[in-house]
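Position 1 is the first residue of the sequence; numbering continues from there.
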Amino acid sequence: MPRTALATAALALSTILAACDAPLAWGEWNSIIVATTPERWAEVEDMVEAALEPAIFTVRQERTFRVTFQDPDQEDWGRLQRFRQVLLIGSTDDPRVAEALEASERETFSPPDLVQVRDVWARGQLVTVLLTTDGGGTEDVASQLEALHGLLDGQYREWVESRMFMTGRDTALADTLWQKGSFSVVLPAVYYWRQDADSIFIFRNDNPDPSELIRQITVSWRTPIPESFAQEELLAWRQEISDLYFSYPQTLDLSAPRERQVQLGDLVADELHIAWGNPPEDQFPAGGPLLIRSIECPAQNRLYLVDAWLYAPGKDKYQYMLQLETILNSFRCAPGIS
């Protein structure tokens with residue numbers, strides 16, 4: 001074998017062995033360690049946090065990502081550089097940035113730019129470099145923040161969907177729902193379900209422990225489609241279903257409603273985002289976010305109510321809300337309606 005080929009093979013082998021020896025990354029995917037100089041962080045902190053920590057309403061305002069600054073020249077860096085998500089801000093003069101860029105195996109860079117490299121200091125790690133020009137200031141950082149958030153949030157959403165379907169997509173259930181109700185939703189195989197009446201279908205996932213986490217979906221419908229249908233009627237309909245078919249009573253908190261329309265192929269869903277809670281007299285109060293959608297399906301002359309609620313006390317709720325939205329977005333009501 002030629003000497004250059006031997007050298008290349010030896011380098012590849014050493015890289016593989018080094019990766020195997022690297023520690024596992026730690027931390028949550030929605031937590032980000034930001035490493036840069038204290039001087040630069042003082043200049044860009046507000047804009048970086050505003051870009052990476054937009055609030056999502058669950059039962060209150062909640063940050064989508066959690067950003068923590070770290071000076072890489074401090075002693076904690078040896079531990080925090082193994083975090084699952086690391087954001088480096090700086091130019092090629094910064095030794096940490098240079099180390100990450102070298103691991104990317106790219107030969108040229110055009111700052112300001114975003115570069116992502118996996119497994120730089122730990123296995124299962126994703127390092128994102130916001131690369132500035134030499135001596136570049138806040139303008140370089142500001143120019144990349146919208147793209148940075150889109151990149152990280154998109155990857156987080158992909159991770160959430162991949163994680164929720166680790167048990168597989170329950171395609172057999174989708175086929176059964178077509179037969180029994182002429183609609184379908186795509187759920188992870190871990191959900192169980194029941195049909196309580198001709199038009200009441202309830203799907204639930206309370207793993208690993210219902211005292212810690214519950215996700216529940218309800219699908220119902222009325223026919224024919226009414227000429228007009230007020231929000232008060234939708235809420236009364238939903239309250240009637242919960243009173244009759246839920247295992248525990250719920251009340252609706254309308255103090256901070258959020259409304260939007262969601263396009264589902266040819267269909268439009270009117271969505272109301274509110275909160276649910278146990279009755280006020282309950283000695284063990286509980287609650288959480290609730291999404292209620294009304295969807296007209298002209299092909300069936302049905303008005304559907306599709307809702308999803310979450311119980312996740314003491315947990316970040318963003319990933320679970322994304323899971324529920326993914327399930328609700330999979331709703332289909334007739335062949336040819338997508």
Side-chain angles (χ1 to χ4, degrees), residues 4-5 7-45 47-49 51-52 65-156 158-159:
T4 54
T8 301
L11 177 61
L13 180 59
S14 65
T15 302
I16 293 172
L17 292 175
C20 292
D21 290 338
L24 281 172
W26 62 284
E28 300 295 333
W29 274 115
N30 65 332
S31 296
I32 303 171
I33 297 295
V34 181
T36 189
T37 64
E39 296 77 17
R40 183 183 294 277
W41 184 241
E43 296 174 351
V44 304
E45 176 182 2
M47 67 173 69
V48 170
E49 289 182 345
L52 295 185
F65 289 93
R66 297 181 181 276
V67 172
T68 303
F69 166 68
Q70 173 62 38
D71 180 354
D73 288 327
Q74 298 301 310
E75 60 182 13
D76 283 345
W77 176 244
R79 179 175 62 90
L80 294 178
Q81 72 175 358
R82 301 194 299 271
F83 216 71
R84 193 176 303 277
Q85 285 257 47
V86 175
L87 171 63
L88 301 176
I89 302 176
S91 67
T92 54
D93 291 338
D94 184 311
R96 269 71 51 169
V97 170
E99 187 177 355
L101 295 180
E102 183 178 3
S104 75
E105 299 182 353
R106 281 177 50 177
E107 296 183 356
T108 60
F109 303 93
S110 300
D113 196 5
L114 299 174
V115 181
Q116 288 194 310
V117 193
R118 295 192 178 275
D119 304 336
V120 177
W121 296 294
R123 286 177 288 146
Q125 178 185 64
L126 180 62
V127 175
T128 304
V129 180
L130 197 164
L131 184 62
T132 66
T133 55
D134 293 341
T138 57
E139 296 81 4
D140 281 359
V141 176
S143 70
Q144 300 300 309
L145 288 180
E146 182 177 352
L148 175 64
H149 176 261
L151 178 65
L152 296 182
D153 189 62
Q155 290 171 335
Y156 184 69
E158 290 175 1
W159 174 79

Salt bridge (charged side-chain N to carboxylate O under 4.0 Å, His left out) pairs, two or more places apart, involving [range]:
range          : value
residues 31-43 : none
residues 81-93 : none
residues 69-81 : D73-R96

Output all residues satisfying side chain to side chain contact (heavy atoms under 4.5 Å, CB included) with N30, sequence neighbours left out; order by chain, then residue number. E28, F65, Y156, D316

With sequence neighbours left out, write down each residue that passes side chain to side chain contact (heavy atoms under 4.5 Å, CB included) with T68, or none if nothing qualifies. I33

Shortest non-hydrogen separation from [X] to [Y] and the atoms involved:
X    : Y    : value
T133 : S91  : O-CB, 3.7 Å
V86  : L80  : CG2-O, 4.2 Å
A22  : A122 : CB-CA, 4.4 Å
P111 : L131 : CB-O, 3.7 Å

Given the rule in the side chain to side chain contact (heavy atoms under 4.5 Å, CB included) test, do L145 and V48 qualify, once you have shown the distances and angles that lead to the verdict? CA-CA 7 Å; L145 288 180; V48 170; 4.1 Å; yes

Side chain proximity check, R106 to V115, heavy atoms < 4.5 angstrom: yes

Using a 4.5 Å cut-off on heavy atoms from C-beta on, say whether the side chain of V141 contacts that of I89. yes

Stepwise side chain to side chain contact (heavy atoms under 4.5 Å, CB included) check, L87 with L52: CA-CA 11 Å; L87 171 63; L52 295 185; 4.0 Å; yes

Sequence neighbours excluded, which residues qualify as side-chain hydrogen bond (donor to acceptor under 3.5 Å, both in side chains) partners of D113? none

So, using side-chain hydrogen bond (donor to acceptor under 3.5 Å, both in side chains) as the criterion, who are the partners of T138 when residues are at least two apart? none

Kindly check if the number of other-residue, nucleotide or ligand heavy atoms within 6.0 Å of CD (E45) is above 12? yes

So ring-ring contact (aromatic ring centres under 6.0 Å, His included) across residues 67-92, not counting sequence neighbours, yields W26-F83, W41-F69, W77-W121

For residues 96-120, which residue pairs pass the ring-ring contact (aromatic ring centres under 6.0 Å, His included) check, not counting sequence neighbours? none

Let me see the working for L114 and L130 under side chain to side chain contact (heavy atoms under 4.5 Å, CB included), right down to the final yes or no. CA-CA 5 Å; L114 299 174; L130 197 164; 3.9 Å; yes

Measuring from [X]:[atom1] to [Y]:[atom2], what's the distance to the nearest 0.5 Å?
X    : Y   : atom1 : atom2 : answer
D94  : T37 : CG    : OG1   : 8.0 Å
D134 : T92 : CG    : OG1   : 4.5 Å
L126 : I32 : CG    : CD1   : 9.5 Å

CA sep, side-chain torsions, deciding dist, call: R118, V127, side chain to side chain contact (heavy atoms under 4.5 Å, CB included): CA-CA 6 Å; R118 295 192 178 275; V127 175; over 6 Å; no

What donor-acceptor contacts under 3.5 angstrom involve side-chain atoms of residues 146-155, with partners at least two apart or in another chain?
from, atom 1, to, atom 2, distance (Å)
D153, OD1, Y318, OH, 2.7
D153, OD2, R157, NE, 2.9
Q155, OE1, Q116, NE2, 3.0
Q155, NE2, Q116, OE1, 2.6

